[in-house]
Amino acid sequence: MRKNTKLTALAATATALTLGLTACGSSSDPSSAKADGGTADESKPLVIAASPSPHADILDFVKDKLAAKEGLTLEVKEFTDYVLPNTATEQGQVDGNYFQHKPYLDDFNKKNGTHVVPVVNVHLEPLGLYSKKVKALSDIKAGQTIAVPNDTTNEGRALQLLAANNLITLKEGVGTSAKLSDITDKKGLEFKELEAATVPRALGDVDAAVINGNYALEADLAPAKDALVLEKAEGNPYANFLAVKDGNQGDPRIQKLAKLLNSDDVKKFIEEKYQGSVVPAFGTPAS
């Protein structure tokens, strides 16, 4: 049974952040990971914000099986949105986070004036198209509705998946920043934009939905088995990574965690637990 505290985002405001962190009882001290990266108190717990699955599950494995051997005390705080983990990291309420990919972080930093940076890649969650109403990609027809995540990078990623499978046509060169307005041929389909965490709950109300891998797992979907189609893993830029506020990369506790997250033990855990629905993607993030 997981003992971490789940935090649900009520709003991405300073007030909501304060209330949310008070509710979870966080005692993380911003000074525990100082900007010079070399004077952090290694005796203090390292507090990492994470999405529940697979991120918190992977961190729990490290905490329970590997951290003690490295002299690391790890505390995991679960968040169920894509905003508060970065805000909490920026404000020093947690020491780092593990929930996102580089295109999302770049967009978040640009829009919010934050200074969160990646430390080490860990895994990839292939984005998938799911349905409770059709059994094959070829069954999706004009007049049907597809739900997509509404945040900038994940919507673009979802639209690229649909375009790659000939369900829509996009303007040339739009890349991962694609929006609904960039669709040049909807092929008769309708689209419903939803916050990423709520898309699985809407699956029964639409004909199909593009769902992020972690939210699919939380909804008891097995991406490798249940998705009508999944993103290709090879050459995929959406590896999820451990991240910190810029300046804290040298915190010895962060370095220990980064090493453990890229260990053979974690690789084996991911491969055995997720059976291809989540895949290891170790290494240094692209700049």
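Not measured: the values here are computed from a predicted model.
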**OP:** Over 60° means perpendicular and under 30° means parallel, so classify the ring planes of Y104 and H101, tilted if in between.
**Re:** perpendicular
Subject >> Non-hydrogen atoms of A178 and Q160 that approach each other most closely >> reply: CB-NE2, 4.4 Å
Subject >> Contacts of E231 that satisfy salt bridge (Lys or Arg N to Asp or Glu O under 4.0 Å) - sequence neighbours left out >> reply: R157
Original post:
Are the side chains of P52 and T80 in touch, meaning some heavy atoms are under 4.5 Å apart?
Top reply: yes
Subject >> For T176, all residues meeting side-chain hydrogen bond (donor to acceptor under 3.5 Å, both in side chains), sequence neighbours excluded >> reply: none
Subject >> Pairs involving residues 261-275, ordered by first then second residue, that meet salt bridge (Lys or Arg N to Asp or Glu O under 4.0 Å) (sequence neighbours left out) >> reply: K267-E271
Original post:
Residues two or more places apart in sequence or in another chain: which of them pass salt bridge (Lys or Arg N to Asp or Glu O under 4.0 Å) with E70?
Top reply: K259
**OP:** Output the distance between atom CD (E90) and atom CG (D246), rounded to the nearest 0.5 Å.
**Re:** 9.5 Å
**OP:** Would you check if V266 and L66 make a side-chain contact, meaning some heavy-atom pair closer than 4.5 Å?
**Re:** yes
Original post:
Using a side-chain heavy atom cutoff under 4.5 Å and only I, L, V, M, F, W and Y, what cluster partners does Y238 have?
Top reply: L124, V279
Subject >> Test applied, side-chain contact (heavy atoms from CB on, under 4.5 Å); reference residue, L46; option that passes from K256, E75, R253 >> reply: R253
Original post:
Could you give the distance from CG (L74) to CG (D95), rounded to the nearest 0.5 Å?
Top reply: 10.0 Å
Subject >> Greater than 12 external heavy atoms within 6.0 Å of K187's NZ >> reply: yes
Original post:
Minimum heavy-atom separation for A224 to S277, with atom names?
Top reply: N-OG, 3.2 Å
Original post:
For T87 and F108, which heavy atoms make the closest approach, and how far apart are they?
Top reply: OG1-CZ, 3.9 Å
Counting only pairs under 3.5 Å, give me each side-chain donor-acceptor contact of residues 165-174, with atom names and distances, residues two or more places apart or in other chains.
| residue | atom | partner | partner atom | Å |
| --- | --- | --- | --- | --- |
| N165 | ND2 | L161 | O | 2.8 |

Original post:
What distance separates D226 CG from Y130 OH, expressed to the nearest 0.5 Å?
Top reply: 7.0 Å
Subject >> Distance, nearest 0.5 Å, that separates CG of L261 from CG of N121 >> reply: 11.0 Å
**OP:** Starting at CG of L242, measure out to CG of N97 and round the result to the nearest 0.5 Å.
**Re:** 7.5 Å
Contacts table for residues 189-205: side-chain donor-acceptor under 3.5 angstrom, sequence neighbours left out:
| residue | atom | partner | partner atom | Å |
| --- | --- | --- | --- | --- |
| E195 | OE1 | A197 | N | 3.0 |
| T198 | OG1 | E195 | O | 2.8 |

Subject >> Side chain proximity check, K102 to P118, heavy atoms < 4.5 angstrom >> reply: yes
**OP:** Apply the test side-chain contact (heavy atoms from CB on, under 4.5 Å) to residues L257 and Y98: give CA-CA distance (whole Å), side-chain angles for both, the deciding distance (0.1 Å), then the verdict.
**Re:** CA-CA 11 Å; L257 179 57; Y98 171 34; over 6 Å; no
Original post:
Which residue pairs pass the ring pair (Phe, Tyr, Trp, His ring centres under 6.0 Å) test when at least one of the two sits in residues 199-225, sequence neighbours left out?
Top reply: Y82-Y215
**OP:** Taking all heavy atoms of A158 and all of V210, pick out the closest pair and write down the distance.
**Re:** CB-CG1, 3.5 Å
**OP:** Please confirm whether the backbone N or O of G247 pairs with a side-chain atom of Q249, one donor and one acceptor, at under 3.5 Å?
**Re:** yes
Subject >> The single option from K245, Q91, Q100 passing side chain to side chain donor-acceptor pair (under 3.5 Å) against N86 >> reply: Q100
Original post:
How about H55 and F99: are their ring centres within less than 6.0 Å of each other?
Top reply: no
Subject >> Test side-chain hydrogen bond (donor to acceptor under 3.5 Å, both in side chains) applied to N212 - qualifying residues, sequence neighbours left out >> reply: N154
Subject >> Distance-minimising heavy-atom pair for G128 and A227 >> reply: CA-CB, 4.4 Å
**OP:** If you link ILVMFWY side chains whenever their heavy atoms are less than 4.5 Å apart, which other residues fall into the same cluster as L105? By chain and number, please.
**Re:** V116, F241
Subject >> Partner set under ring pair (Phe, Tyr, Trp, His ring centres under 6.0 Å) for F61, not counting sequence neighbours >> reply: F269
Subject >> Ion pair K110/D106, N-O distance below 4.0 Å >> reply: no
**OP:** State which residues pass side-chain contact (heavy atoms from CB on, under 4.5 Å) with K135; sequence neighbours excluded, sorted by chain then number.
**Re:** D139
Subject >> Shortest non-hydrogen contact between N214 and P54, atoms and distance >> reply: CB-CD, 3.5 Å
**OP:** With rounding to the nearest 0.5 Å, note down the distance linking CG in N112 to CG in D107.
**Re:** 8.5 Å
**OP:** Mark yes or no for whether S131, through its side chain, and D207, through its backbone, hold a donor-acceptor pair below 3.5 Å.
**Re:** yes
